[in-house]
Amino acid sequence: MPPIAPQLTTSSPGLLVPEVAPSTIDLSARVSPGGEWVHVAPSTLRLTDDHGLVYSGRVVVPDWIRCVYYAPFQRHAINPDLDLWPEGYNQCHPLPVSSLSDVKRGGIFVVLELERGDYLAILPLVGHRSAAWLRGDGEGLRLEAGTFGTAPGFDEELPLVAAVRDQDLYRACARVWAAALRHPALAGVGRLRHHKNYPEVFNHLGWCSFEEFKLNIDERIIVSSIRSLAASDVPVRWVIVDDGHVDDGTRGGAPAADTQEGPGQVSATLDALRLHAATPHPEKFPRGWQPVVESIRDTRIRWLGLWLNFNGYWGGIAANHSLGAELDAHLVTVAPGVKLPGESTIDGEKFFEALTRPAREAGFHFLKVDNQAGNLRKYADHVPNAVRASASCRQGLDTAVRRHFEGIIGCMAHNNLCAFHQPATQVMRCSEDYKKEDPWRARHHLHNSFGNMLWLGQTVWGDHDMFHSSDRYAGALMARSKAISGGPIYLSDAPENFVPELISPLCFSDGRILRPLAPAVPLPESVFTDPYEDDNAYRVIAPLPHGCAAAAAYNLTHPAKPVHGAWTAGDHRHASALLSPAEAAVWACPAEAMLRYDCLSGRAEIQRDAVRYTLSPLTDSFVIFSPVQQGWALIGDPRKYLPPCAVTRFEISADCVRLASYERCEVLVWREAGDVICEREIVSAGEGLWRVSLPGGDTITELRLKR
C-alpha cells in the first residue's frame, strides 16, 4: 500500500506544517438506513505525491451479502491484466465480488446489498479540479483522490464520496447521483439525464460507416453508401461519417493504420496519428464535405453526423497544426510534438470551437466524439492539474455542442470524470465496441451495455453502438437489445446486406424508432449475477407507454452452457428503475392482474405463478408485461419488438376502449371475457386476444363489449 500523501495546513502566515489526513471514512456510522451523505473535505493546502495523489483513506462499509463493483479492465474484460487508469476506454465492467480487499483500482461505483436487506450505493466524486476513485488495498476498500498532475500542492475543497442507503436498489443508485450533483462543490459539473432533452435525430433509425468500412472511407465510399441508403427500403434517416476522414498529416500511399484492438487498447499505429486540420483529409475528400452534404438532398436522410476525436486525434494535436495561429496561445505541449488544450476553461472552449465549427458550417447536424477517457491519461504527469485540464475540455466540448449541434454521442468515456462532466451531453456509449460475428464480444457487449446503465444511466442515455443486421451469430439478439436500450439505434451493414425482417420491427415506415420511456437496466438479482459463469439467465427490463414493460433474458455464459430463469408478475414494477419520480408516477397504473406476452412465440397469458424457462447459449427470451385494467390489457402491434409503443392512445372504461396508432397497423388487445366489437375490422385471435385494424394518424378507434 502506497503511503498516504501528507497534507498541510497553515498555523501562521508563511508557515506550513503537516496535517494528519483522516485515515478512515466509516460509512457504517455516517450513513444510517434511508440516509445519504456527501463528503467534501474543506479547503486547506495539501501536499501531493509525484502523480498528484492528494488523499488516500480506508472506507468502512456495513456488513453485506452481495456486491457489484464497477471499474475498467476487470475480470472478463478483453484483457483483465490491462490497467490504463485514469483512462477507462470503453471498458467499465460490472463485476460481482465476494471481497473488496482485492478489487481493481479505478473503481467508479459500488452497490452493496446489506445484511439488513437494504442497499448502499457508493459514488466517488469528481469536481472541477480533483477526482476520486476506489481500489482494494489488500485488507479492505480504499478511497483515493488526486489531480494526476505535477503541482506539489492542492489548496481547494476536495470532493471525496457520496453514499446513500435505501430499501430500494434503484432508488439508492438514483439518490446518490442526485445528492452528489446538487452539492455546491460540484455546481456546474453535470446534470441528471431526466433534466436533458433527448435529441430528435436519435428518435430515428441511423447508419454508421465504421464497422463496415473501418478507416477505409473516402468521398466515393461515403457518397455511394448514402445513395444506396436513400434507395433502400430500410428507412434510415441519419448517417455518421466515422473515423477515417481526419487530416492526420499522412499523404500519398502512407501505410494503412491498424484499427483492431490488440490487447484491449487502441493500437500504437493509431496512437501515433495527430490532428493537423479540422477539414477532412485532402486526398480522401478532395472537394471537402460538399459532395457528402449534397448527397442527402432530396432524400429521406435528414441528418448527418461526424465522428471527431476528443483529443484532436488518437495521438493528440500536431505541433505543426493548421487550426490557426491564434489557437496556439490556448494549447500546451504534453509530449514531443503533441499538444492539447491548456488547463483553463477558455482553452477548452477555444479548441473545441476551432475543431467543431467547420463541421457545423459544412452542414453536419450532430457529433460522435470518441476517445474521451484517454484525455485525462494524456494530461497525467504533464500539466500541473490534469483533472482541471480534462474537465475544461469536457466543458469546452459541451459549450460547442450547445452552440452548434442538435446532439452528441460520447464514446470511449468510461472514467468517472467523463460521467460527471457532461452538462449538455445526452448520449454516451455504455459498452466496448460491437464486433460483427464475434460471439465472445457479443456476450460482453450485451452485459456491459445493460449493466453500466445502473450508474451511467443516471446522467445520460446509453449508446449500445452500431450493429450488423446480417450478423449470423447475434443479429437478432442485437436488434432486440437495441430496441429496449432507450438509446440510438443504428446499422453498419453495407445497405445491400440489410436484413429487413430484423430491422422493420425496430421502427415505423418513416424510420421513427419505437423507444422505451427510459433505458433498460438489469433486474435486481441480475445486478449481482456473473452472466459468464452463473447458471441463471441475465435479465433486464425497461418501461413502455401505457404502463407496460419489456423484459429480456439472455444466456451469455462463457464457456457456453444452458441457463435457467423465470418470469414473475413482480418483475414489472422494476421497469421504472431509471424513470424520475414524476415520470414513474405517470407510468404506474393500478392493475388487477399482469398479462405476459411472449414476443418470440406470440403467446399471451395471465402471469400467476413463476414461468420458468431454459436458454441455450447466446439466445434470449423477450416478453411484454401489460397491466390488466377493468378487464382489458394492451399488447399492441405484434410485428414490432416493442408492441405497445405502436399505440399512441389506450384509454379504458368498463365496457369500452379507445385507442389510436402512429401509423396504419393491426394491434392486439386482450379482454378477460366477452365478445369485442368495433366499427373497424376486428377478429378473435384466441386466448382472449382480439386483433383490430387501426388507420394510424392518431385516429381514435373504439372497442366495445357485445351486449
Side-chain angles (χ1 to χ4, degrees), residues 87-90 92 108-109 123 126-128 131 177-178 180-181 186-203 206 208 238 240 242 303 305-312 341 345 348-349 351-353 355-357 359-360 364-376 387 389-431 449 452-453 455-465 485-488 490 518-519 578 580:
E87 191 173 343
Y89 200 50
N90 278 337
C92 183
I108 295 173
F109 191 54
L123 178 65
V126 179
H128 294 281
W177 272 98
L181 290 177
L186 273 65
V189 166
R191 292 190 298 157
L192 297 174
R193 177 181 49 81
H194 56 261
H195 292 158
K196 302 175 183 178
N197 294 321
Y198 190 77
E200 176 62 17
V201 53
F202 301 138
N203 281 316
C208 180
W238 53 268
I240 293 177
D242 210 285
W303 296 275
L306 185 65
W307 181 97
L308 295 175
N309 193 298
F310 190 66
N311 301 297
T345 300
E349 290 181 0
F351 169 67
F352 284 100
E353 179 69 11
L355 180 67
T356 66
R357 187 181 65 252
R360 174 71 269 186
F364 287 91
H365 304 93
F366 69 96
L367 299 177
K368 174 184 174 183
V369 180
D370 212 337
N371 198 24
Q372 295 190 17
N375 179 252
L376 182 58
V387 170
S390 190
S392 294
C393 286
R394 291 287 313 145
Q395 299 289 328
L397 172 63
D398 276 15
T399 297
V401 169
R402 285 194 297 265
R403 182 178 298 154
H404 296 303
F405 298 98
E406 299 179 33
I408 178 175
I409 298 175
C411 193
M412 288 182 67
H414 283 173
N415 63 17
N416 52 1
L417 188 144
C418 294
F420 271 92
H421 282 269
Q422 41 58 42
T425 298
Q426 310 105 330
V427 177
M428 191 172 284
R429 176 75 68 76
C430 50
S431 75
S449 290
N452 281 325
M453 293 314 292
W455 67 277
L456 196 60
Q458 308 300 334
T459 57
V460 291
W461 282 269
D463 167 33
H464 282 223
D465 203 10
S485 72
Y490 50 120
L578 286 183
S580 70

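- Not one N or O on the side chain of Gln458 forms a donor-acceptor pair closer than 3.5 Å with the backbone of Trp455.
- No donor-acceptor pair closer than 3.5 Å links the side chain of His195 to the backbone N or O of Pro423.
- Inter-residue side-chain proximity for Glu349 and Gln395 is flagged as unmet; no heavy-atom pair is nearer than 4.5 Å.
- Taking the six-membered ring where tryptophan is involved, the planes of Trp177 and Phe420 are tilted, since the angle between them lies from 30° to 60°.
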Kindly indicate, with the supporting measurements, whether the criterion side chain to side chain contact (heavy atoms under 4.5 Å, CB included) is fulfilled by Phe310 and Arg394. CA-CA 9 Å; Phe310 190 66; Arg394 291 287 313 145; 3.8 Å; yes
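- Smallest separation of non-hydrogen atoms from Gly127 and Val387: O-CG1, 4.3 Å.
- Here the CG atom belonging to Leu456 is positioned 8.5 Å from the CD1 atom belonging to Ile108, to the nearest 0.5 angstrom.
- Here the CD-CZ distance, from Glu406 to Arg360, works out to 6.5 Å after rounding to the nearest 0.5 Å.
- For the atom pair NZ (Lys368) and CG (Asn309), the distance works out to 11.0 Å, reported to the nearest 0.5 Å.
- Under the 3.5 Å distance criterion, the side-chain polar atoms of His414 are matched with a main-chain donor or acceptor of Arg429.
- Inter-residue side-chain proximity for Pro488 and Tyr198 is flagged as met; some heavy-atom pair is nearer than 4.5 Å.
- What you find for Leu123 and Ala180 is that their closest heavy atoms are CD2-CB, 4.0 Å.
- Between the CE atom of Met412 and the CG atom of Asp370 there is a distance of 5.5 Å, given to the nearest 0.5 Å.
- Asn452 and Ser431 share no side-chain donor-acceptor pair at under 3.5 Å.
- A distance-only check finds a donor-acceptor pair linking the side chain of Asn415 to the backbone of Cys418 [under 3.5 Å].
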Would you sort out whether Phe351 and Cys393 count as a side chain to side chain contact (heavy atoms under 4.5 Å, CB included), showing the intermediate values? CA-CA 8 Å; Phe351 169 67; Cys393 286; 5.8 Å; no
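- Closest non-hydrogen pair, Met428 versus Ala413, comes out as SD-CB, 3.6 Å.
- A donor-acceptor contact shorter than 3.5 Å links the side chain of Arg193 to the backbone of Gly457.
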Check step by step if side chain to side chain contact (heavy atoms under 4.5 Å, CB included) holds for Leu181 and Thr459. CA-CA 10 Å; Leu181 290 177; Thr459 57; 4.2 Å; yes
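- Cys411 is not listed as a side-chain neighbour of Trp307, based on a closest heavy-atom distance of 4.5 Å or more.
- For the pair Phe352/Asp398, no side-chain contact is recorded, criterion being any heavy-atom separation below 4.5 Å from C-beta on.
- The minimum heavy-atom distance linking Cys430 with Ser449 is given by the pair SG-O, 3.4 Å.
- Side-chain contact between Thr425 and Val369 is absent, with no heavy atoms from C-beta onward closer than 4.5 Å.
- Inspection of the Asn203 and Glu200 side chains reveals an N or O donor paired with an N or O acceptor under 3.5 Å.
- Here the closest heavy-atom approach between residue Asp463 and residue Val427 is recorded as CB-CG1, 3.7 Å.
- Between atom CD1 of residue Ile409 and atom CD of residue Gln426 there is a gap of 10.0 Å, rounded to the nearest 0.5 Å.
- For the atom pair CG of Leu367 and CG of Leu308, the computed distance is 5.0 Å after rounding to the nearest 0.5 Å.
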In sequence, state the C-alpha distance, the side-chain angles, and the governing distance for Glu353 and Arg403, and then conclude on side chain to side chain contact (heavy atoms under 4.5 Å, CB included). CA-CA 9 Å; Glu353 179 69 11; Arg403 182 178 298 154; 2.8 Å; yes
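- Using a distance-only test at 3.5 Å, with no hydrogens or angles considered, no donor-acceptor pair links the side chain of Lys196 to the main chain of Val460.
- Annotation: side chain of Ile408 is in contact with side chain of Leu397 (closest heavy-atom distance under 4.5 Å).
- Note: Trp238 and Tyr490 have tilted aromatic rings, judged against thresholds of 30 and 60 degrees for the angle between ring planes.
- Shown here for Phe405 and Ala359, the closest heavy-atom pair between the two residues is CZ-CB, 4.2 Å.
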